[in-house]
Amino acid sequence: MNILSFDTSTRSASVALMMDGVLVGEILINDKRTHSQKLMPMLESLMSLADISIDDIDLLAVCVGPGSFTGIRIAVATVKAISHAKNLPIVAINSMENIAFNVMDSSKKIISILDAQAGNVYCGIYRSVEDNSYSVVEDVDVIGLEQLANRLEYSSENYIIVGEALDKYREKLDFDNVEFASPDKNVSKASALCSIAKIKYDKGLDVFDCYTILPKYLRKSQAEMQYDERQRKAKENDI
């Protein structure tokens with residue numbers, strides 16, 4: 001099975017190709033350019049270097065969020081277009097399980113975190129199991145950073161924390177029972193999507209087509225929240 005995956009859910013953008021269980025290639029760019037500028041050139045370069053075409057792909061995988069609202073839409077729109085054109089199934093993978101997969105060799109509970117702004121983080125908790133797979137301890141959610149810190153401080157279990165939010169919140173989560181993933185593990189990667197997609201596809205989990213795949217938003221975007229606030233104030237002024 002040949003799997004092509006896309007991830008633009010965070011600051012980094014990546015595409016990866018796995019053929020018959022072997023990671024053939026991955027291109028990852030983690031800079032300030034917009035994902036719309038990077039994604040298609042990255043895809044074209046990867047397919048050219050691997051000397052294959054879209055016709056050789058059997059399965060698509062995409063990170064559906066949470067994360068950057070605009071970024072998520074770019075990757076989802078791309079796989080929807082390819083799926084529609086080539087009638088390919090799509091496996092949806094959330095950001096937290098994708099990042100957790102980078103440290104799935106750990107015996108500790110794995111906590112994935114991304115910054116959700118306003119003192120909150122997107123968070124998911126996982127544990128490695130046999131056959132290079134994982135179990136979901138707590139599904140992805142938005143929680144307060146202080147709530148997470150209190151939980152870690154008074155827990156008797158050991159954890160490893162991974163994700164981009166470590167850059168911002170490392171000091172507040174630094175406890176004796178907590179290990180921090182190395183910087184190279186904190187970046188969301190399309191190569192992990194390929195591995196997870198194979199696991200999910202074989203189990204018939206989270207498999208969609210171009211009409212049913214949807215982004216995973218856990219809260220409204222900043223623009224939507226600002227709009228709601230303006231509407232609320234307008235209604236108050238009318239009273």
Side-chain angles (χ1 to χ4, degrees), residues 1-10 14-26 46 50 52 54-67 72 75-114 122-142 159-160 162-163 181 185 187-218:
M1 173 175 282
N2 298 337
I3 305 172
L4 180 64
S5 64
F6 300 80
D7 184 7
T8 56
S9 61
T10 63
S14 59
V15 293
L17 173 65
M18 181 175 284
M19 302 178 69
D20 297 327
V22 176
L23 180 64
V24 173
E26 179 178 31
L46 178 62
I52 69 167
I54 292 295
D55 292 330
D56 299 311
I57 301 302
D58 303 302
L59 180 66
L60 300 169
V62 64
C63 187
V64 293
I72 292 165
V76 171
T78 300
V79 297
K80 287 177 72 171
I82 297 173
S83 172
H84 183 267
K86 300 298 181 180
N87 193 30
L88 293 173
I90 308 167
V91 176
I93 297 153
N94 75 62
S95 307
M96 300 297 98
E97 58 187 335
N98 188 47
I99 296 171
F101 206 81
N102 290 338
V103 292
M104 205 53 73
D105 56 347
S106 176
S107 60
K108 302 176 181 179
K109 278 189 177 180
I110 302 165
I111 300 179
S112 299
I113 57 171
L114 290 174
Y122 297 116
C123 179
I125 304 179
Y126 305 88
R127 186 183 289 281
S128 176
V129 297
E130 295 179 352
D131 300 324
N132 296 316
S133 188
Y134 62 95
S135 62
V136 179
V137 178
E138 293 184 24
D139 206 0
V140 56
D141 200 358
V142 180
Y159 300 88
I160 180 169
V162 61
K185 304 295 186 182
V187 179
S188 189
K189 299 176 181 178
S191 52
L193 291 178
C194 289
S195 298
I196 299 172
K198 182 63 167 61
I199 294 171
K200 288 194 168 190
Y201 186 77
D202 288 345
K203 295 180 180 180
L205 299 174
D206 298 328
V207 181
F208 301 91
D209 59 27
C210 63
Y211 302 105
T212 56
I213 185 77
L214 292 171
K216 189 179 185 68
Y217 300 137
L218 297 186

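Considering I125, I160, I99 in turn, I99 is the only one that fulfils the side-chain contact (heavy atoms from CB on, under 4.5 Å) rule with S112.
One distance of note links CD of E138 with SG of C123; it measures 7.0 Å at 0.5 Å rounding. Here the straight-line distance linking atom CG of L214 with atom CD1 of I72 works out to 12.0 Å at 0.5 Å rounding. Of the inter-residue distances, the one linking K200 atom NZ with L59 atom CG reads 12.0 Å to the nearest 0.5 angstrom. Going from atom SG of C194 over to atom CG of D7 covers 10.5 Å, rounded to the nearest 0.5 Å. Residue I82 holds its CD1 atom at 8.0 Å from CG of L88, rounded to the nearest 0.5 Å. Atom OH in Y159 sits 5.5 Å away from atom CD1 in I111 (nearest 0.5 Å).
You'll find the side chain of V64 stays beyond 4.5 Å of the side chain of D206, heavy atoms only. The closest side-chain heavy-atom distance from I90 to S83 is below 4.5 Å. Within the 4.5 Å cutoff, side-chain heavy atoms of K189 are placed close to those of N102. Proximity of M18 to V24: side-chain heavy atoms (C-beta onward) are nowhere separated by under 4.5 Å. A heavy-atom distance below 4.5 Å is found between the side chains of L193 and C63. With a 4.5 Å cut-off on side-chain heavy atoms, V187 and T10 do not count as touching. Side-chain contact check for V162 versus F101: every heavy-atom pair is 4.5 Å or farther apart. Within the 4.5 Å cutoff, the side chain of L114 has heavy atoms near those of the S95 side chain.
Using a cutoff of 4.0 Å between basic side-chain nitrogens and carboxylate oxygens, K86 and D55 are scored as salt-bridged.
Judged purely by atom type and a 3.5 angstrom limit, E26 uses its side chain to pair as donor or acceptor with the backbone of A190. Here the side chain of S128 pairs no donor or acceptor atom with the backbone of S107 at under 3.5 angstrom. For the pair T212 (side chain) and D209 (backbone), a donor-acceptor distance under 3.5 Å is present.
M104 and S133 make their closest contact through CG-O, 3.9 Å (heavy atoms, listed as atom of the first residue, atom of the second, distance). Heavy-atom minimum distance, G67 versus Y122: N-CE1, 4.1 Å. Residues L46 and G25 come closest through the heavy atom pair CD1-C, 3.7 Å. Looking at every heavy atom in both residues, Y134 comes nearest to V129 through N-CG2, 3.4 Å. When all heavy atoms of F6 and A75 are compared, the closest pair comes out as CB-CB, 4.2 Å. Closest heavy-atom contact between V91 and L205: CG1-O, 4.4 Å.
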Kindly indicate, with the supporting measurements, whether the criterion side chain to side chain contact (heavy atoms under 4.5 Å, CB included) is fulfilled by V140 and K216. CA-CA 10 Å; V140 56; K216 189 179 185 68; 3.1 Å; yes

For a side chain to side chain contact (heavy atoms under 4.5 Å, CB included) check, start with the C-alpha distance between I57 and I52, then their side-chain angles and the critical distance, and finish with the verdict. CA-CA 9 Å; I57 301 302; I52 69 167; 3.9 Å; yes

Can you check side chain to side chain donor-acceptor pair (under 3.5 Å) on S188 and N98, steps first, answer last? CA-CA 7 Å; S188 189; N98 188 47; 2.9 Å; yes

Do D139 and N94 pass the side chain to side chain contact (heavy atoms under 4.5 Å, CB included) test, and can you show the C-alpha distance, the side-chain angles, and the key distance before you say yes or no? CA-CA 10 Å; D139 206 0; N94 75 62; 4.0 Å; yes

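At a cut-off of 3.5 Å, with distance as the only test, no side-chain donor of E97 or Y126 sits close to an acceptor on the other residue.
Shown here are the side chain to side chain contact (heavy atoms under 4.5 Å, CB included) partners of K198, two or more places apart in sequence or in another chain: M1, I3, D202.
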